[in-house]
**Q** 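Questions regarding the structure given below will be posed in turn.
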Amino acid sequence: MGRQTIARFRTQYPDAPVLIGGRNLKTAGELAESTGLARAVAIDLDQPRLGLDRDMAVGAVVMLVPDPALNGLRFAQDCGVPYTSIGSGLIEVASELALFAHRPRAPVVLASHWMAGAAVHLAAKAAQGFDQVRSIALGALVDDQDSVGPTALEDMERLHEAAPAALALEAGKRVWLTGDAVHREIETVDGRRLTGSAFSSFDVVSLQARTGAPNIRFDLVTAESSSRRCGGKAATEIMVEVEGDMAGRASHLRSTLVFDEGTAALTGASVVLLLDALLGLSGQVPPPPGLYMPELLWEPEGFLKALVEAGAVVQ
C-alpha cells in the first residue's frame, strides 16, 4: 500500500518533498531513494510524535497502517496539519471522534472506506439521478491472486475478531448481520453470480448520510476477477446496484468500476486524491479544520474522473 501510494503521489507531484515513515528504516530508505526528493524516517507507532524529533516539520500525516494508540493523529494535531487514516474499523472510530472534538485544530479525514473512497463515490454518482433512493447494494471482488500485504491481512482478521457481525441498514435501522443473513449473491462485472459475505464498511454509513437510503449493505467476495478470466491482470472490482424512484418511475441502476492494477494501487490512487484536496495541490482551496470523509472532499464526478485517468474503467 505504501509503495503504491508513494509511486502514485510522485507521478502526479514530482516536485513535492516526502517523508516516508517506516517501522523498518532500511526498507523505507530504499523506497525513499527510488522515489526521489524523499527522506526515510523511523516510525514507532507506540511513541508520542511517532518517535520523531521535536523539530520535525510536516505538512500532513497520512497513516496507511492501523494507528492503535492514535499517536499519528496526536502528532498531526500537535503540528496543526491535516491527518488522513485508512486503517480504522467502524467499531474503533469513537477514539478518533473524541480526539478531534477536544482538539479541532486541522482537518481530520476518516477514510477507511473501501479503496479509500472509490466505492462510496461510485455509489454516490449512481444515486444522483434518483428522486428517492430505496436501496443501495455494494459488492466488491478481490482477485484471489491480488497481492495484499501482511499488515492488511492482519488488520482484516483483527477487525473480524473484534466485531464478527456486519453492519447494514434495513428499513432505515442499523442491524448487525450474523449467520445466514451474512451471505448474499453478488453479480460480478462479467455476469457471474457468486456468494459474498457482508462487511462492515464505512461506505454504509457515508451513503446513509448522503442519500437517506433506508436499505444499504456491502458484500465482499474473493475469487478470480472478470479481467483475469479474460486473460488480463488480477483486477479489483466494485459493483453498485441502486433502486428507487427516478422521474416518477421505479428505477434500477447498476454501476461498476474495474481497476486492473489491484486493490493496493486503487487505494493508493484514492489516498493521493484525498491528500490533493487537503493540501490544495491542484490549486483548490484547502478545507478548514473539520471532520471529513472522502465524499466531503470531492464530488463524485471529479473523483471518478481522476480514477479513470489513473486507469480505472467505470461503466
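We're numbering straight along the sequence, starting at 1.
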**Q** With Arg228 as reference, evaluate Asp143, Asp260, Asp146 under the salt bridge (charged side-chain N to carboxylate O under 4.0 Å, His left out) test and give the passing residue.
**A** Asp143

**Q** Can you get from Phe100 to Val205 by hopping between Ile, Leu, Val, Met, Phe, Trp and Tyr side chains that sit under 4.5 Å apart?
**A** yes

**Q** Membership question, hydrophobic clusters at under 4.5 Å side-chain separation (ILVMFWY): are Val182 and Phe199 in the same one?
**A** no

**Q** More than 12 non-hydrogen atoms from neighbouring residues, nucleotides or ligands closer than 6.0 Å to CZ on Arg193, yes or no?
**A** yes

**Q** Under 30°, 30 to 60°, or over 60°: which ring-plane class applies to Phe202 and His113, parallel, tilted or perpendicular?
**A** tilted

**Q** Trp114 pairs by side chain to side chain contact (heavy atoms under 4.5 Å, CB included) with which of Leu220, Leu138, Thr267, Val120?
**A** Leu220

**Q** Do the charged groups of Arg134 and Asp245 touch, with an N to O distance under 4.0 Å?
**A** yes

**Q** Please list, one pair per line, the donor and acceptor atoms closer than 3.5 Å that link side chains of residues 61-75 to other protein atoms, with sequence neighbours excluded.
**A**
from  : atom 1 : to    : atom 2 : distance (Å)
Asp67 : OD1    : Leu70 : N      : 3.4
Asp67 : OD1    : Asn71 : N      : 3.3
Asp67 : OD1    : Gly72 : N      : 3.4
Asp67 : OD2    : Gly72 : N      : 3.1
Asp67 : OD2    : Leu73 : N      : 3.4
Asp67 : OD2    : Tyr83 : OH     : 3.1
Asn71 : ND2    : Leu45 : O      : 2.9
Asn71 : ND2    : Gln47 : O      : 3.4

**Q** Does Arg174 have more than 12 heavy atoms from other residues, nucleotides or ligands lying within 6.0 Å of its CZ?
**A** no

**Q** Are Lys305 and Glu301 close enough for a salt bridge, meaning some N to O gap below 4.0 Å?
**A** no

**Q** Apply side chain to side chain donor-acceptor pair (under 3.5 Å) to the pair Glu96 and Ser88, showing each step before the final yes or no.
**A** CA-CA 9 Å; Glu96 289 164 308; Ser88 292; 3.1 Å; yes

**Q** For Met246 and Gln132, what are the C-alpha separation, side-chain angles and deciding distance, and is it a side-chain contact (heavy atoms from CB on, under 4.5 Å)?
**A** CA-CA 7 Å; Met246 185 184 298; Gln132 181 180 16; over 6 Å; no

**Q** Stepwise, does the side-chain contact (heavy atoms from CB on, under 4.5 Å) test hold for Leu169 with Val204?
**A** CA-CA 8 Å; Leu169 288 172; Val204 172; 4.2 Å; yes

**Q** If we only count heavy atoms from C-beta on, is the Pro289 to Arg105 side-chain gap below 4.5 Å?
**A** no

